[in-house]
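Worksheet: one structure, shown below.
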Amino acid sequence: MGVVRGGGADGAAHQIAHFLRELAAAEPGRRAAAVKGLGRVGRWAAAYEDVVAGVAEAVVRAAQDPAAVVRAGAADALGRLGHVGGDGAGAVIVGLMGDPDGGVRRRASLAAERLALEGPDVVGAFRRLMSDDSDWHLRLNGLLGLARREGNPETAVLIRLLGDTGTMVWGHARIALYASLGDRRVREQVLHTARYGRGMSRARALDMLPSKDLARLRGSLLDGLRDECPGVRGMSASKLPDDRRSRTAVLSALAAETDAEAARQMLHTLGWWGEERAEPLAVRWLDHPESGSTAVWALARIDTSAAWELIRTVVVSGPGPGPGPGPELWPGLGHHEVRTAAARALGERPDPRTAELLLPLLRDPDERIRAGAVRGLMQLGQHEPRGAEQHAVRRAVVEGLLGLLTTDEAVLHDTRNALSHYPEALPAVRRLIDHPSDEVRAVVVSLLDLDEDGDVRLLLGHLHDPSESVRYQALYGISRYVDAYGELPEAADRAGLLGELEALAHGPHSSVTSFNSRLTAGRILDKLEKEGKA
């Protein structure tokens with residue numbers, strides 16, 4: 001039964017009487033709903049003292065219920081009742097913070113926070129929650145609850161929590177340690193953990209330290225490459241200085257590595273160093289969705305003809321056995337993340353063979369592969385064409401992208417971004433200005449050249465397009481024009497245009513005008529006022 005506000009004392013009394021009766025139900029779910037209902041209604045009805053009489057006692061009794069779900073509901077209710085719960089509510093909540101059931105402990109810790117309970121018993125209860133291994137929410141509640149009452153826990157506790165499996169837990173512990181890292185004793189403990197710690201506590205301690213401290217840990221970092229924890233192995237590789245001894249050690253570690261994330265960090269380090277000896281080791285990870293993209297990046301950084309040939313092979317490879325040096329090195333390819341990374345890497349080099357590889361992928365049945373190919377062609381478009389061959393390549397790319405623009409809505413955003421790097425496509429793009437698709441027209445308007453008077457007229461004409469997305473792009477184009485020239489574009493009715501902007505920015509809310517359009521109109525007016533052109 002939901003809580004219905006209103007009805008005064010009679011309404012409150014009726015609801016509370018119902019919940020009190022439900023507390024005797026045989027089903028734990030009904031009893032739990034009843035006690036939570038008493039918490040919600042009881043606080044609202046506190047103005048009618050005679051109505052809420054007996055509510056606190058009933059909730060406290062429910063805190064002893066054999067069903068954990070009812071005890072959790074009682075903890076929630078006591079947190080909501082506030083002073084209505086009586087003087088003994090705090091002690092009951094603290095008791096529930098030590099309940100055998102994790103869900104009850106969690107609700108009780110939230111109730112203690114809601115009531116801002118204080119005292120040594122409360123502090124002790126929050127301290128115990130920090131060691132609770134059943135639920136990371138409890139450890140987080142313990143850490144935050146203790147910090148609000150006593151300040152951050154001692155450094156040893158924070159370092160232990162630094163290795164927690166809960167991202168929020170170790171994240172808050174790291175923030176607390178960062179704040180104290182200027183203290184010499186805290187820094188020494190973090191350094192000690194970076195040298196001799198275990199598991200992710202050691203890895204995250206390494207990640208916290210500045211370069212001047214890492215210089216003291218050279219031997220420890222080399223040892224860390226053989227640590228039993230993959231996080232330590234990967235982090236140690238990423239923190240080593242670039243010299244021959246480090247390169248050889250990381251290469252050996254990568255050759256023996258079985259964990260994808262540790263391999264990814266090692267590949268990133270070797271790629272950053274441009275270590276050519278890493279090439280065959282990178283091949284081994286090209287088919288892995290977690291590390292394959294970094295393997296591609298590392299090969300691009302190695303920048304040998306063999307490395308680029310491997311990247312080209314990745315782009316066109318599908319699932320199944322790969323054409324590598326052997327099945328033991330390259331068991332299969334085809335992950336879209338890896339192929340996308342390869343396509344983008346190829347696009348960064350002005351090689352005419354890239355377009356030949358990527359253009360067929362614009363028809364790939366996998367939307368993600370098509371998007372990756374478009375992003376690679378976008379990167380390719382950033383290079384200045386040289387010679388007739390490259391101009392011919394760009395024409396072929398433009399033709400392929402224009403075909404996508406009107407047929408493949410799934411990659412429309414990527415296609416628009418790619419076309420922005422091919423100004424030679426603009427004449428054909430303009431011819432689509434009246435396309436029946438709202439999204440295509442919006443893309444066309446967004447690509448118009450603000451230095452061309454004819455394009456500016458098209459922009460102004462589409463301020464009244466039936467589609468809000470097209471109108472927004474036209475408005476955004478005017479905003480870019482004002483940013484560039486400090487005034488509104490020439491319009492047949494300049495005063496009318498200014499009035500439209502005023503109406504958009506300051507008029508009543510309309511369901512047909514997006515928040516972004518109203519914001520953009522206001523930004524245009526602010527810029528014009530600043531330039532004295534409003």
Original post:
So, does R370 use its side chain to make a donor-acceptor pair with the main chain of L361 at under 3.5 Å?
Top reply: no
Original post:
Does R301 use its side chain to pair, donor to acceptor, with the backbone of W272 at less than 3.5 Å?
Top reply: yes
Subject >> Interatomic spacing from CE in M266 to CG in L281 - rounded to 0.5 Å >> reply: 10.5 Å
Original post:
What's the shortest heavy-atom distance between L162 and L177, and which atoms?
Top reply: CD2-CD1, 4.0 Å
**OP:** Could you grab the distance from atom OG of S180 to atom CD1 of I175, nearest 0.5 Å is fine?
**Re:** 12.0 Å
**OP:** Hey, could you give me the CD/CZ distance between E113 and R148, rounded to the nearest 0.5 Å?
**Re:** 4.0 Å
Original post:
Is E118 atom CD crowded by more than 12 heavy atoms from other residues, nucleotides or ligands, each under 6.0 Å away?
Top reply: yes
Subject >> Heavy-atom pair with the smallest gap, counting every atom of S469 and E439 >> reply: OG-OE2, 3.7 Å
**OP:** Mind running side chain to side chain contact (heavy atoms under 4.5 Å, CB included) on V35 and D65 for me, showing each step along the way?
**Re:** CA-CA 11 Å; V35 73; D65 195 281; over 6 Å; no
Subject >> Spacing of N516 atom CG and R471 atom CZ [to the nearest 0.5 Å] >> reply: 13.0 Å
**OP:** Look at the rings of W285 and H288 and say which category their plane angle falls in: under 30° parallel, 30 to 60° tilted, over 60° perpendicular.
**Re:** tilted
Subject >> Beyond-backbone contact of R139 with T165, side-chain heavy atoms, under 4.5 angstrom >> reply: yes
**OP:** Using modelled atom types only, decide if a donor and an acceptor are shared between the side chain of T520 and the backbone of Y476 within a distance under 3.5 Å.
**Re:** no
**OP:** Identify the two heavy atoms, one from A371 and one from D414, that lie closest to each other, and give their separation to 0.1 Å.
**Re:** CB-OD2, 3.6 Å
**OP:** Answer whether the closest heavy-atom distance between the side chains of L143 and L161 falls below 4.5 Å.
**Re:** yes
Original post:
Would you call R226 and S236 a side-chain contact if the rule is heavy atoms closer than 4.5 Å?
Top reply: no
Original post:
Is a salt bridge present between R264 and E261, judged by a nitrogen-to-oxygen distance below 4.0 Å?
Top reply: yes
Original post:
Does any donor atom in the side chain of D132 or S134 lie under 3.5 Å from an acceptor atom in the other side chain?
Top reply: yes
Original post:
Judged by modelled atom types alone, do E468 and S514 share a side-chain donor-acceptor pair under 3.5 Å?
Top reply: yes
**OP:** Indicate whether the side chain of S446 and that of R416 have a donor and an acceptor atom separated by less than 3.5 Å.
**Re:** yes
Subject >> R204 side chain reached by W170 side chain, heavy atoms, under 4.5 Å >> reply: yes
Original post:
With side chains defined as the heavy atoms from C-beta onward, is the minimum distance between D287 and V338 less than 4.5 Å?
Top reply: no
Original post:
When you look at R218 and S246, which way does the side chain to side chain contact (heavy atoms under 4.5 Å, CB included) test go after all the steps?
Top reply: CA-CA 9 Å; R218 170 64 179 274; S246 295; 3.5 Å; yes
Subject >> Test item: K239 and D207 side chains (from C-beta on) under 4.5 Å apart, heavy atoms >> reply: yes
Original post:
Would a distance-only check, ignoring hydrogens and angles, find a side-chain to backbone donor-acceptor pair under 3.5 Å from R31 to A62?
Top reply: no
Original post:
Is R216 salt-bridged to D213, cutoff N-O under 4.0 Å?
Top reply: yes
Original post:
Sequence neighbours excluded, which residues qualify as side-chain hydrogen bond (donor to acceptor under 3.5 Å, both in side chains) partners of R233?
Top reply: E257
Original post:
Counting distance only, does the side-chain N/O of R187 pair as donor-acceptor with the main-chain N or O of L181 below 3.5 Å?
Top reply: yes
Original post:
Is a donor on one side and an acceptor on the other found under 3.5 Å between the side chain of T248 and the backbone of R245?
Top reply: no
Subject >> Salt-bridge contact R368-D366 (side-chain N to carboxylate O under 4.0 Å) >> reply: yes
**OP:** Mind listing the closest non-hydrogen atom pair of L362 and V374 along with its distance?
**Re:** CD2-CG2, 3.6 Å
Subject >> Pairing of R71 and D101 as salt bridge, 4.0 angstrom limit >> reply: no
Subject >> More than 12 heavy atoms of other groups within 6.0 Å of R523 CZ >> reply: no
**OP:** Name all residues meeting the ring-ring contact (aromatic ring centres under 6.0 Å, His included) criterion together with F515; count only those two or more places apart in sequence or in a different chain, and write none if there are none.
**Re:** none
**OP:** Would you give the length of the straight line joining atom CG of L144 to atom CG of N152, rounded to the nearest 0.5 angstrom?
**Re:** 10.0 Å
Original post:
For V92 and V59, what are the C-alpha separation, side-chain angles and deciding distance, and is it a side chain to side chain contact (heavy atoms under 4.5 Å, CB included)?
Top reply: CA-CA 10 Å; V92 176; V59 173; over 6 Å; no
Subject >> Short side-chain to backbone donor-acceptor contact, R40 and R80, under 3.5 Å >> reply: no
Original post:
Less than 4.5 Å apart, any side-chain heavy atom of S109 and any of L129?
Top reply: yes
Subject >> Residues R198 and E228 bridged, charged N to O under 4.0 Å >> reply: yes
**OP:** For R247 and W273, indicate whether the former's side chain and the latter's backbone hold a donor-acceptor pair under 3.5 Å.
**Re:** yes
**OP:** May I ask you to test the R375-T340 pair for a side-chain heavy-atom distance under 4.5 Å?
**Re:** yes
**OP:** Grab the two heavy atoms, one from A194 and one from S220, that are nearest each other, plus how far apart they are.
**Re:** O-OG, 3.5 Å
Subject >> Verdict with supporting geometry, E275 and V250, side chain to side chain contact (heavy atoms under 4.5 Å, CB included) >> reply: CA-CA 10 Å; E275 175 53 65; V250 176; over 6 Å; no
Original post:
Any donor and acceptor pair, going by atom type alone, linking the side chain of R149 with main-chain N or O of G145 inside 3.5 Å?
Top reply: yes
Original post:
Can you tell me how far CZ of R195 sits from OG1 of T193, rounded to the nearest 0.5 angstrom?
Top reply: 10.5 Å
**OP:** Mind listing the closest non-hydrogen atom pair of A442 and V470 along with its distance?
**Re:** N-CG2, 3.7 Å
